[in-house]
There are 2 protein chains.
Amino acid sequence: MTTQPKTANITADDVAIAAGVSRWTVNRAFKKDASISPKTRDKVMKIAEEMGYIPDLRAASLASDRSNLVALLVDDFSNPHKLVMLERLTTAMRSRGWDTLLVNTLDANDTAPALMHASRRRVDASILIGLQFDDDVLETVQKAHNIKKLIIFARRSEQENTISICVDDRQATLEIANYVADKGYKKPFYVAGPRTTSAHLSRKETFAEYWSNTFGTDVQSLAVGAYDSILATNAVQTRFANVPSDGLPDILVCENDAIAMGAIDAVRHHLGLRVPEDIAVFGFDDVPQGASPNYRLSTYRQPMTDMANYLVDVLESNDTTNMDRQFIGTLIIRESA
Amino acid sequence: MTTQPKTANITADDVAIAAGVSRWTVNRAFKKDASISPKTRDKVMKIAEEMGYIPDLRAASLASDRSNLVALLVDDFSNPHKLVMLERLTTAMRSRGWDTLLVNTLDANDTAPALMHASRRRVDASILIGLQFDDDVLETVQKAHNIKKLIIFARRSEQENTISICVDDRQATLEIANYVADKGYKKPFYVAGPRTTSAHLSRKETFAEYWSNTFGTDVQSLAVGAYDSILATNAVQTRFANVPSDGLPDILVCENDAIAMGAIDAVRHHLGLRVPEDIAVFGFDDVPQGASPNYRLSTYRQPMTDMANYLVDVLESNDTTNMDRQFIGTLIIRESA
DNA sequence: AAATATGTTGCACGCGTGTGCAAAAGTCGT
DNA sequence: ACGACTTTTGCACACGCGTGCAACATATTT
């Protein structure tokens with residue numbers, strides 16, 4: 001970059017003078033539903049364009065106490081589903097005038113600092129997307145800082161003063177369990193993700209409950225340390241490496257696709273078995289990679305676009321009491337189960 | 001969310017009064033290298049903490065003309081490598097005090113509007129990460145708006161007034177070509193991504209040039225419409241579906257891993273051949289998924305962390321002429337080639 | 001103890017815009 | 001052409017903090 005032509009930043013005042021109107025009229029021209037005549041707006045916009053004027057949102061935000069900025073805290077970049085979420089959220093938000101401050105939560109203890117940091121930019125809301133935020137942390141954070149809106153996305157939270165937008169986990173899990181039972185699987189095994197101290201019933205527990213109620217048998221399970229395929233592969237491999245074939249499950253029901261794909265890899269490449277003939281696998285999320293002919297993963301799709309749009313509704317509403325909402329997704333059946 | 005306790009926003013003035021110092025001293029306490037005695041700083045910080053004071057970066061930015069905000073424009077969320085980049089970039093930036101404004105470039109024509117939109121927040125720099133930004137667009141954008149720093153990340157650009165931070169494509173491709181030749185492959189085929197109007201030699205051209213110079217034979221190729229595995233699978237399948245086996249290549253050299261993984265799927269599941277015995281596959285980027293036992297993808301790793309750190313160096317430097325830089329990565333050899 | 005160096009604190013002014021209201025200009029019917 | 005509307009425009013004040021310098025306080029030297 002060479003030096004700019006020393007153009008002392010152009011303000012609305014400059015444009016106003018050039019256009020022969022007041023500064024306020026200039027800013028009105030840029031404001032969507034402002035009361036201004038089309039004629040003057042055109043004139044102002046044209047001159048503004050020529051002069052290269054761009055309204056300063058810092059000043060606007062300072063004066064209006066609304067930033068139109070939303071912090072998006074992400075704590076786990078290894079799950080490809082995050083990319084889908086990011087895409088859907090940013091699309092929905094930007095198309096409706098909301099900007100995204102992407103905050104990488106470095107580790108589990110960084111949630112509070114990260115949230116506080118975002119507050120320095122006076123974000124209108126903070127969105128938590130990811131699962132390491134357990135309810136304890138939220139409580140602490142919520143008390144300490146005056147967060148305007150705290151939205152938990154794609155995860156259930158019972159926390160007070162928090163808006164949770166997610167899929168109905170219970171319903172989803174029951175649909176999956178139903179499918180698994182209908183297809184005649186007898187020995188399901190649940191592969192869960194990292195334990196969170198969330199208050200509500202986890203997918204694993206819902207599944208186990210259903211199975212126990214229906215067949216009177218317990219469902220065994222294991223927990224992977226993170227939503228990461230490689231870790232899942234290792235976990236599944238070590239868990240079943242020395243298990244005789246009649247002790248193996250006939251289906252691995254996984255908490256999400258990242259784990260499910262890792263599980264498939266383990267079944268095929270470490271246990272030397274076939275999917276789904278020997279062991280079937282079921283996922284959750286419907287990540288694009290799951291559609292690959294390698295995986296053909298049966299899974300459950302969350303209505304991400306609807307959820308993202310609803311999130312913007314929440315951003316735009318003033319009274320956000322009771323705006324928690326659970327969405328219903330759809331079973332995606334491919335060949336893995 | 002219930003209504004907050006109507007706490008009219010706490011400012012430095014409030015803290016100053018409570019602490020018996022001037023407002024400026026309060027802000028100094030929050031400023032890293034400010035000239036302030038440890039004693040007063042502690043006192044101020046303690047009171048600020050109690051009162052829940054959080055400095056307002058909008059006002060700070062307005063007054064200082066430095067926002068410490070960087071726009072990150074992303075135009076393609078289907079390539080899992082983006083997730084890696086996002087993670088590395090945000091980690092490097094946040095750890096050194098830079099915030100990220102994530103802007104989803106809705107389509108190819110949205111680059112200019114997106115950049116302009118970011119300017120409204122007076123970002124200190126804009127980073128382009130993704131390949132749909134061709135040089136024509138950049139030129140237009142550059143002229144129209146007073147962008148402070150325009151950084152092209154992970155892609156070469158010859159554009160004036162632009163800082164390009166990327167891997168040395170030529171060197172990388174030559175390393176790959178060398179490896180392919182050394183291993184005795186005779187009939188390589190190049191699977192490229194979408195064509196960009198970039199001025200410099202593409203990876204495909206470099207590879208073809210090497211092959212032609214070394215063996216005197218041309219390298220055939222095909223271009224996939226996007227860096228997307230599914231599209232790549234389809235493209236490879238249709239290209240080779242009716243080709244007799246002696247007309248098939250012995251290795252597919254791919255422009256990146258997303259395409260390479262799609263190519264592997266096509267070879268195995270549509271052409272019914274083995275990787276690498278019948279057709280080998282080579283990638284680029286080293287995405288985590290490539291390490292899966294399903295793919296065991298041989299590829300080229302870009303030094304993302306170094307590149308991200310260097311990017312922050314650029315953010316922090318005043319004179320950014322001649323800061324273009326090309327990094328050297330490393331060949332990652334697994335079983336796919 | 002005075003003189004000098006060093007560290008610490010206070011302040012006038014400016015950064016660029018929104019809010020709510022009042023004044024001015026335009027519209028319409030008769 | 002007049003009154004009663006409606007639309008459009010202008011404005012005082014506020015938003016919260018940084019800059020650069022001057023004043024003040026404390027530590028160091030002679």
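Naming convention: chains lettered A, B, ... in sequence-line order (proteins, then strands); numbering from 1 in each chain. Side chains included, hydrogens not; waters and symmetry mates left out as well; all remaining heavy atoms used.
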Participant: What does the B/S/- profile of nucleotides 11-18 of chain C look like, 5' to 3', with a 4.0 Å heavy-atom cutoff to protein?
Facilitator: BB-BBBBB
Participant: Residues in side chain to side chain donor-acceptor pair (under 3.5 Å) with Arg41(A), at least two apart?
Facilitator: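 Side chain to side chain donor-acceptor pair (under 3.5 Å) list for Arg41(A), sorted by chain: empty.
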Participant: With distance as the sole criterion, is a donor-acceptor pair present between the side chains of Arg88(B) and Thr305(B) under 3.5 Å?
Facilitator: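 There is such a pair (donor and acceptor under 3.5 Å, judged by atom type) between the side chains of Arg88(B) and Thr305(B).
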Participant: Looking at residues at least two apart in the chain, or sitting in another chain, which of them share a salt bridge (charged side-chain N to carboxylate O under 4.0 Å, His left out) with Arg28(B)?
Facilitator: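 Once residues adjacent in sequence are excluded, Arg28(B) has no partner under the salt bridge (charged side-chain N to carboxylate O under 4.0 Å, His left out) criterion.
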Participant: If the cut-off is 4.0 Å, is Thr25(B) near the phosphate of dT8(C), judged by side-chain N/O to OP1 or OP2?
Facilitator: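 For dT8(C), neither OP1 nor OP2 has a side-chain N or O of Thr25(B) closer than 4.0 Å.
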Participant: Is it the case that Ser61(B) and Arg58(A) place a side-chain donor and acceptor less than 3.5 Å from each other?
Facilitator: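 Yes - a donor-acceptor pair under 3.5 Å links their side chains.
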Participant: Round to the nearest Å and state the distance from Lys39(A) atom NZ to dT9(D) atom C1'.
Facilitator: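 Value for this atom pair: 13 Å.
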Participant: Rounded to whole angstrom units, what separation is found between the CD1 atom of Ile36(A) and the P atom of dG26(C)?
Facilitator: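 Going from CD1 in Ile36(A) over to P in dG26(C) covers 15 Å.
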Participant: Checking Thr105(A) against Asp110(A): is there a side-chain donor and acceptor pair closer than 3.5 Å?
Facilitator: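 Asp110(A) vs Thr105(A): no donor-acceptor pair found between side chains.
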